[in-house]
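Data first, discussion second: the structure below is written as structure tokens.
FYI, the numbering just counts along the sequence from 1.
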Amino acid sequence: VIGYLIEVSTDSGNAWQLFNANTGTAETMITIQDLAVGVTYSFRLKAINEAGLSSDYSPRTNDVVFRVAPGVPSALAVAPGNARNTLSWNTPADNGGEDVSGFRIEVSNNGVSWSEVAADTQSAHTTFVHEQLQNGQAYFYRVAALNSAGPGAFSATASATPATLASPPTLSGVTPH
């Protein structure tokens with residue numbers, strides 16, 4: 001074998017187009033570039049040797065969909081409460097060719113060293129409540145969107161400091177005037 005002819009289908013093998021007339025190598029692995037995000041592809045090939053092309057095609061590959069990680073969530077905001085912070089953000093404008101399946105949320109007490117609060121919220125909801133926090137301590141957050149291709153880049157950071165709510169005033173008496 002001195003190469004392979006590769007054909008591609010974007011309709012589950014009903015119609016085929018020439019993708020590469022001759023790979024020029026006996027290697028059985030090839031990197032295919034410039035695929036469109038979200039498009040389903042199938043491939044089949046014929047072997048090439050000194051006598052020409054093999055008479056039959058290989059079985060076609062399983063359908064594969066080229067996906068990329070989603071874009072960056074925007075407008076991260078954090079509202080402080082009593083021993084809790086409530087986060088909200090916007091879903092990325094670019095979902096990477098597939099719906100966002102969840103979000104990764106990280107927290108820091110200095111904006112430099114990060115730890116996961118949620119590896120995957122497993123929800124497309126764009127709010128999260130971080131509870132059991134220390135009042136008076138600042139917390140920094142960042143959020144990344146997830147799809148089957150993995151996590152996208154983290155958002156810009158936002159921070160808040162939870163605090164104990166003021167106690168209601170007590171009335172010691174009312175004096176009419």
Side-chain angles (χ1 to χ4, degrees), residues 8-13 19 29-43 60-177:
V8 64
S9 172
T10 56
D11 61 2
S12 297
F19 182 80
M29 183 180 278
I30 186 171
T31 300
I32 298 174
Q33 299 179 0
D34 300 324
L35 299 177
V37 173
V39 174
T40 302
Y41 293 93
S42 299
F43 298 91
R60 76 177 181 88
T61 62
N62 293 330
D63 289 345
V64 293
V65 179
F66 179 62
R67 302 194 192 293
V68 295
V72 178
S74 61
L76 176 60
V78 185
N82 184 11
R84 68 193 299 165
N85 283 328
T86 301
L87 289 69
S88 62
W89 60 89
N90 294 333
T91 300
D94 178 6
N95 65 8
E98 168 180 75
D99 289 341
V100 170
S101 59
F103 294 91
R104 178 168 295 162
I105 301 169
E106 291 188 348
V107 65
S108 172
N109 61 7
N110 59 14
V112 177
S113 176
W114 297 92
S115 60
E116 285 182 352
V117 173
D120 183 352
T121 62
Q122 298 183 351
S123 170
H125 295 291
T126 57
T127 59
F128 181 84
V129 179
H130 189 199
E131 298 179 295
Q132 299 179 340
L133 302 178
Q134 180 180 343
N135 286 331
Q137 165 70 49
Y139 294 87
F140 298 83
Y141 296 92
R142 62 187 186 180
V143 177
L146 304 169
N147 67 15
S148 66
F154 279 103
S155 65
T157 62
S159 66
T161 304
T164 304
L165 300 175
S167 299
T170 55
L171 295 174
S172 58
V174 178
T175 306
H177 286 260

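- For the pair Thr126 and Asn90, the minimum side-chain heavy-atom distance is 4.5 Å or more.
- Residues satisfying the salt bridge (charged side-chain N to carboxylate O under 4.0 Å, His left out) test with Asp99, not counting sequence neighbours, are none.
- Residues Ala158 and Val78 share a closest heavy-atom pair of CB-CG2, 3.8 Å.
- Judged purely by distance below 3.5 Å, without hydrogens or angles, the side chains of Thr164 and Asn135 pair a donor atom with an acceptor atom.
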Quiz item: What's the verdict on side chain to side chain contact (heavy atoms under 4.5 Å, CB included) for Thr157 and Trp114, showing C-alpha distance, side-chain angles and the deciding distance?
Solution: CA-CA 11 Å; Thr157 62; Trp114 297 92; 3.5 Å; yes
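- In the displayed structure, Glu116 atom CD is contacted under 6.0 Å by more than 12 heavy atoms of other residues, nucleotides or ligands.
- Contact annotation: the side chain of Phe66 never approaches that of Ile32 to less than 4.5 Å [non-hydrogen atoms, C-beta and beyond].
- Ile105 CD1 to Trp89 CH2: the interatomic distance, rounded to the nearest 0.5 Å, is 4.0 Å.
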Quiz: residues 139-153 side-chain donor-acceptor pairs under 3.5 angstrom, not counting sequence neighbours:
residue	atom	partner	partner atom	Å
Tyr139	OH	Gln134	N	2.9
Tyr141	OH	Asn85	ND2	3.2
Tyr141	OH	His130	ND1	2.8
Arg142	NE	Glu106	OE1	2.8
Arg142	NH2	Glu106	OE1	2.7
Asn147	OD1	Ala149	N	2.8
Asn147	ND2	Val68	O	2.9
Asn147	ND2	Asn95	O	2.9
Ser148	OG	Glu98	OE1	2.7
Ser148	OG	Glu98	OE2	3.2

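- With a 4.5 Å cut-off on side-chain heavy atoms, Asp63 and Ser12 count as touching.
- Taking each heavy atom of Ala118 and Thr121 in turn, the nearest pair found is CB-CG2, 4.1 Å.
- Between Ser42 and Gly13, the shortest heavy-atom distance links the atoms OG-N, 4.4 Å.
- By the side chain to side chain donor-acceptor pair (under 3.5 Å) test, Ser108 is found to be paired with Asn110, residues two or more places apart in sequence or in another chain being considered.
- Here the CZ atom belonging to Phe103 is positioned 12.5 Å from the CZ atom belonging to Phe128, to the nearest 0.5 angstrom.
- Residues Thr161 and Pro80 share a closest heavy-atom pair of O-CB, 3.3 Å.
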